[in-house]
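Written below as structure tokens is the structure these notes are about.
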Amino acid sequence: LRAEFSKANLEQLAAKSQTTYRTEPEESIDVTFLGRDFHLRRDEILSGDGGAIDFWVEVLLLMYVTRASGASVTGDWVAFKELPNTISKFKTFEKWVDRVPRAFEGRFEELEKALIEQGGEVIRNESADLAVRFQALPRVPLLLLLWDADADFPARGSLLLDRDVLDYLDQEALTFLAEELMRRLL
């Protein structure tokens with residue numbers, strides 16, 4: 001990914017990924033990932049806050065900008081398992097998503113505050129106790145649906161993705177994305 005990125009036309013990548021292309025002070029693409037700013041230069045990735053960058057975040061950012069097709073977000077929400085070739089990652093993806101509602105069982109008011117602190121936008125959804133939309137990357141929205149425990153079921157969650165998300169990230173990157181968001185919430 002680094003080799004591909006270093007040789008690419010960054011202005012074209014920025015247009016397709018809906019990120020910001022800059023020429024000063026050095027040619028770069030600026031992108032926000034889960035509320036944190038990053039500067040992708042040909043030879044390095046810098047965090048806008050000066051903090052350390054996890055290797056997997058670098059991989060995800062490079063994959064996002066190099067894979068971007070330019071397709072618009074459809075607004076058609078699907079579960080991870082509805083995407084092609086997710087059978088091997090499905091259990092890991094779902095395990096991470098269920099950790100948050102179980103950790104906040106009976107305390108969904110606290111969970112709502114944590115979700116907002118992490119950049120989530122609470123939205124109305126008739127089927128869930130709590131629904132929160134995140135903008136993980138410019139063309140990768142997420143919809144987290146949460147249900148608190150009741151007499152019949154434990155607390156549970158579902159993370160929905162845009163139907164065309166594979167135009168930007170592959171199945172493994174989406175699994176990492178779910179893990180990263182849930183770690184932050186926990």
Side-chain angles (χ1 to χ4, degrees), residues 1-5 13 16-19 29 31-38 40 45 47 51-105 111 114-115 117-121 123 125 127-128 130-147 154-186:
L1 287 170
R2 286 182 184 184
E4 183 180 343
F5 180 79
L13 292 184
K16 287 182 178 180
S17 62
Q18 202 176 23
T19 55
I29 292 177
V31 61
T32 301
F33 170 58
L34 289 174
R36 189 173 171 204
D37 295 329
F38 294 91
L40 286 66
I45 297 177
S47 168
I53 304 171
D54 181 276
F55 170 78
W56 292 107
V57 170
E58 286 190 31
V59 169
L60 187 133
L61 294 173
L62 289 170
M63 180 180 290
Y64 175 73
V65 297
T66 59
R67 186 182 182 124
S69 71
S72 296
V73 174
T74 67
D76 187 13
W77 297 108
V78 297
F80 181 73
K81 67 182 176 183
E82 294 177 64
L83 298 172
N85 304 315
T86 56
I87 203 124
S88 65
K89 304 273 182 225
F90 171 70
K91 287 193 185 277
T92 302
F93 187 93
E94 291 296 314
K95 177 182 76 170
W96 275 101
V97 173
D98 276 339
R99 284 184 179 180
V100 168
R102 289 185 180 166
F104 284 89
E105 190 172 303
L111 175 56
L115 293 162
E117 287 173 8
Q118 289 299 318
E121 173 192 358
I123 61 172
N125 184 293
S127 68
L130 183 58
V132 181
R133 186 181 189 281
F134 288 92
Q135 194 65 47
L137 288 157
R139 294 198 182 205
V140 180
L142 306 172
L143 180 59
L144 182 59
L145 301 176
L146 301 158
W147 295 267
R156 61 201 183 284
S158 181
L159 185 61
L160 302 180
L161 309 157
D162 189 81
R163 179 168 300 286
D164 288 344
V165 72
L166 296 178
D167 284 337
Y168 293 94
L169 297 172
D170 68 12
Q171 294 83 344
E172 188 168 348
L174 291 170
T175 302
F176 168 75
L177 176 57
E179 291 176 25
E180 181 67 16
L181 177 60
M182 297 310 134
R183 275 192 198 117
R184 289 180 182 201
L185 294 171
L186 291 170

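Scope of the values below: all heavy atoms of this structure, side chains included, with no hydrogens, waters or symmetry mates. Nothing fancy with the numbering, it's 1 onward along the sequence.
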Of the non-hydrogen atoms in [X] and [Y], which two are nearest, and what is the gap between them?
| X | Y | result |
| --- | --- | --- |
| L145 | A131 | CD2-CB, 3.6 Å |
| S17 | V65 | OG-CG1, 3.9 Å |
| G157 | P101 | N-CG, 3.6 Å |

Rounded distance (nearest 0.5 Å) linking atom [atom1] of [X] with atom [atom2] of [Y]:
| X | Y | atom1 | atom2 | value |
| --- | --- | --- | --- | --- |
| S158 | W147 | OG | CH2 | 5.5 Å |
| W77 | L142 | CH2 | CG | 6.5 Å |
| L137 | L60 | CG | CG | 6.0 Å |
| D170 | L83 | CG | CG | 11.0 Å |
| L161 | L166 | CG | CG | 8.5 Å |
| L181 | F134 | CG | CZ | 5.0 Å |

Output side-chain donor-acceptor pairs under 3.5 Å for residues 173-180, partner residues at least two apart or in another chain, one line each.
from, atom 1, to, atom 2, distance (Å)
T175, OG1, Q171, O, 3.0
E179, OE1, R183, NH2, 3.4
E180, OE2, R184, NE, 3.3

(message) So if I apply the side-chain contact (heavy atoms from CB on, under 4.5 Å) rule between L40 and each of T19, I45, L13, which one comes out positive?
(response)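 In the set T19, I45, L13, the residue that makes a side-chain contact (heavy atoms from CB on, under 4.5 Å) with L40 is I45.
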Please check this pair: side chain of [X] against backbone of [Y], looking for a donor-acceptor N/O pair closer than 3.5 Å.
| X | Y | value |
| --- | --- | --- |
| R102 | A155 | yes |
| E82 | A79 | yes |
| Y168 | A71 | yes |

(request) Please test T74 against D162 for side chain to side chain donor-acceptor pair (under 3.5 Å), starting from the C-alpha separation and ending with a verdict. (result) CA-CA 6 Å; T74 67; D162 189 81; 2.9 Å; yes
(message) Run the side chain to side chain contact (heavy atoms under 4.5 Å, CB included) test on L159 and F93 for me, step by step, so that the C-alpha distance in whole Å, both residues' side-chain angles and the decisive distance to 0.1 Å come before the verdict.
(response) CA-CA 9 Å; L159 185 61; F93 187 93; 3.8 Å; yes
(request) Answer yes or no: are there more than 12 heavy-atom neighbours, outside E172 itself, under 6.0 Å from its atom CD? (result) no
(message) Between I53 and F38, is there a side-chain heavy-atom distance shorter than 4.5 Å?
(response) yes
(request) Please collect all salt bridge (charged side-chain N to carboxylate O under 4.0 Å, His left out) contacts where either partner lies in residues 87-96, sequence neighbours excluded, each pair once. (result)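 Salt bridge (charged side-chain N to carboxylate O under 4.0 Å, His left out) check on residues 87-96 returns no pairs.
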(request) Evaluate side chain to side chain contact (heavy atoms under 4.5 Å, CB included) for L169 paired with V140, printing each intermediate quantity in order. (result) CA-CA 9 Å; L169 297 172; V140 180; 4.2 Å; yes
(message) Quick one, E58 with R2, criterion side chain to side chain contact (heavy atoms under 4.5 Å, CB included). Give me CA distance, side-chain angles, the key distance, then yes/no.
(response) CA-CA 9 Å; E58 286 190 31; R2 286 182 184 184; 2.3 Å; yes
(request) Taking side-chain hydrogen bond (donor to acceptor under 3.5 Å, both in side chains) as the test, write out the residues that go with S47, two or more places apart. (result) R36, D49
(message) Between M182 and L144, is the side chain to side chain contact (heavy atoms under 4.5 Å, CB included) condition met? List the steps.
(response) CA-CA 10 Å; M182 297 310 134; L144 182 59; 4.0 Å; yes
